[in-house]
Amino acid sequence: MPELPEVETVRAGLQRWVAGRTIAAVEVRHARSVRRHLAGGADLAARLAGATVRCASRRGKYLWLPLVDRPAASGGALIAHLGMSGQLLVEAPDAPDERHLHLRFAFADGGRELRFVDQRTFGGVLVDRLVPADDVPAGRPPERVPAQIAHIARDPLDPLFDDEQFVLRLRRRDTEVKRALLDQTLISGVGNIYADESLWRARLHGARRTATLSRPAARELLAQVRAVLGDALQAGGTSFDALYVNVNGESGYFDRSLAVYGREHRPCPRCGTPIRRAAFMNRSSFFCPQCQRPPRAR
DNA sequence: ATCGGTCCCTGTGTGC
DNA sequence: TGCACACAGGGACCGA
């Protein structure tokens with residue numbers, strides 16, 4: 001469910017409320033939330049007990065909390081992915097347990113705890129080592145990323161995102177442009193909502209083949225992706241229901257600014273033509289049939 | 001090596 | 001009311 005603007009909103013909340021604090025204990029209430037930590041929940045809890053959180057980092061839809069290096073646990077980071085319905089909440093220890101509370105992180109200061117709540121259990125956490133990012137230009141400070149997400153592309157709000165490299169790789173692909181936008185190894189942070197919104201802004205149909213895009217069209221698409229992600233971040237993200245909230249349980253309000261997503265039959269904000277919905281990858285695509293002309297069948 | 005389809009989950013809304 | 005079904009912000013994995 002959460003895409004870059006929602007995950008970044010959560011990251012900012014973690015930076016504010018969790019950075020600098022020392023984890024006292026981790027309670028694993030649902031094994032599925034730690035399935036990506038292959039050594040198991042007990043190992044995860046042991047690695048985190050006594051660890052101090054340096055800060056809150058993010059790439060695309062992945063979050064991580066780098067841990068202060070300790071001889072016993074060799075640092076590393078706590079990585080989290082929210083999947084479709086995951087929430088990281090900062091709450092008083094005596095707040096009632098949520099229905100789908102799967103993980104509880106208590107802190108040594110006895111203050112507000114961190115909880116992972118996830119209805120559909122597609123999200124989860126793991127502890128991993130950090131490795132140097134291999135694409136930092138000379139003269140820039142070195143960066144470390146969790147080994148497990150080193151294959152994830154930088155996101156378009158990352159200062160080191162390489163626009164021309166993206167345009168090159170996009171046009172070299174042989175697939176539909178919406179599929180490419182959702183491929184986190186090409187560009188990260190874009191999900192179903194912002195893919196549709198970006199394509200509408202760029203006046204491109206999601207079924208256009210990537211190889212048919214001109215360089216200017218590809219650059220324009222990237223500019224619109226960046227713009228819509230930035231606009232949504234300003235609004236605190238998109239919340240259709242209570243499933244996406246920030247660490248304090250508050251909703252974002254970008255749903256009011258959506259042009260096409262979830263708006264079947266309603267008028268296109270640009271030309272008034274009714275928005276259409278089409279099945280796509282077990283989900284939906286929303287588009288304006290006038291502004292975004294479908295490509296001819298190949 | 002890529003690409004495209006399927007599956008993992010729970011909950012909600014709709015139509016019969 | 002109850003039931004069946006479609007659908008929901010993601011992505012790992014498998015076969016072609």
Side-chain angles (χ1 to χ4, degrees), chain A residues 1-11 29-38 58-63 79-88 98-102 116-126 146 148-153 155 169-199 206-211 225 228-229 232-233 235-246 251-258 260-265 277-286 298:
Chain A
M1 130 204 159
E3 305 180 34
L4 189 153
E6 294 78 33
V7 178
E8 171 57 21
T9 301
V10 171
R11 187 208 62 78
R29 295 165 48 104
H30 195 315
R32 197 170 144 78
S33 294
V34 297
R35 68 191 181 286
R36 301 249 151 243
H37 189 83
L38 299 180
R58 181 189 57 76
R59 175 179 286 191
K61 303 171 196 171
Y62 286 84
L63 287 165
I79 305 164
H81 195 289
L82 303 177
M84 292 282 270
S85 55
Q87 303 175 347
L88 284 166
E98 288 77 7
R99 172 130 179 230
H100 299 287
L101 172 62
H102 299 331
F116 181 69
V117 176
D118 189 8
Q119 177 189 103
R120 292 177 72 185
T121 68
F122 289 166
V125 307
L126 71 151
Q148 294 263 339
I149 66 165
H151 67 291
I152 297 294
D155 61 66
R169 292 183 63 203
L170 177 72
R171 297 179 67 236
R172 214 182 267 158
R173 297 218 163 184
D174 179 23
T175 189
E176 295 176 357
V177 64
K178 182 169 173 183
R179 293 190 92 97
L181 286 181
L182 296 177
D183 182 344
Q184 307 296 302
T185 67
L186 176 65
I187 180 171
S188 69
V190 181
N192 209 29
I193 296 179
Y194 300 115
D196 281 1
E197 293 296 310
S198 307
L199 289 163
R208 266 285 293 274
R209 305 300 294 190
T210 49
V225 169
V228 76
L229 291 177
L233 180 55
T238 300
S239 305
F240 295 123
D241 50 38
L243 282 189
Y244 163 68
V245 290
N246 67 15
S251 293
Y253 50 88
F254 192 70
D255 58 310
R256 297 174 209 169
S257 304
L258 296 174
V260 290
Y261 189 86
R263 299 179 59 81
E264 187 181 17
H265 304 317
R277 185 172 79 90
F280 173 79
M281 285 171 76
N282 277 341
R283 302 205 184 101
S284 297
S285 285
F286 297 90
R298 325 159 73 200

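Numbered from 1 within each chain, the chains take letters A, B, ... in sequence-line order.
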Side chain to side chain donor-acceptor pair (under 3.5 Å) test vs A/Thr121 passes for just one of A/Arg35, A/Arg32, A/His102, namely A/Arg32
Review point. When we call it a touch if two heavy atoms are under 4.0 Å apart, what does A/Asp118 touch: a base, just sugar-phosphate, or nothing?
Key: nothing
Would you indicate, yes or no, if C/dG11 has its OP1 or OP2 atom less than 4.0 angstrom from a side-chain nitrogen or oxygen of A/Gln184?
yes
Of A/Arg120 and A/His151, the one whose closest nucleotide on DNA chain C sits nearer the 5' end is A/Arg120
In this structure, OH of A/Tyr194 is separated from CG of A/Leu233 (nearest 0.5 Å) by 9.0 Å
All heavy atoms of A/Ser33 vs all of A/Phe116, minimum pair found to be OG-CE2, 3.7 Å
Below the 4.0 Å mark, does B/dG4 have OP1 or OP2 next to a side-chain nitrogen or oxygen of A/Thr175? yes
Would you classify A/Ser239 as touching base, sugar-phosphate or nothing, given that sugar-phosphate means primed atoms plus P, OP1 and OP2, and contacts are heavy atoms under 4.0 Å? base
Closest to the 5' end of DNA chain C, once A/Arg36 and A/Arg277 are matched to their nearest nucleotides, is A/Arg277
Ion pair A/Arg179/A/Glu176, N-O distance below 4.0 Å: no
Would one find a side-chain N or O of A/Lys61 under 4.0 angstrom from OP1 or OP2 of C/dG11?
-> yes
Quiz item: Is the phosphate of C/dA8, meaning OP1 or OP2, less than 4.0 Å from a side-chain N or O of A/Ser284?
Solution: yes
>> Between C/dA12 and B/dG11, how far apart are the two C1' atoms, rounded to whole Å?
In response: 23 Å
By nearest-heavy-atom nucleotide on DNA chain B, the more 5' of A/Arg99 and A/Arg179 is A/Arg179
Mate of B/dC9 across any strand shown (Watson-Crick or G-U wobble, both atom pairs under 3.5 Å) is none
Determine the Euclidean distance between corresponding P atoms of B/dC7 and C/dC5; express it in Å to zero decimal places. 16 Å
Margin query: Whether A/His100 contacts B/dT10 is assessed here as follows: a side-chain N or O lying under 4.0 Å from the phosphate OP1 or OP2. Is that the case?
Written below: no
As its Watson-Crick or G-U partner within any shown strand, both distances under 3.5 Å, C/dG9 has none
Just call it for A/Phe240: base, sugar-phosphate, or nothing, with non-hydrogen atoms closer than 4.0 Å on any strand.
base
Quiz item: Is the shortest side-chain N to carboxylate O distance from A/Asp155 to A/Arg59 below 4.0 Å?
Solution: no
The answer to which of A/Glu176 and A/Gln119 contacts DNA chain B further toward the 5' end, by nearest nucleotide, is A/Glu176
Base, sugar-phosphate, or nothing for A/Phe280, non-hydrogen atoms under 4.0 angstrom?
nothing
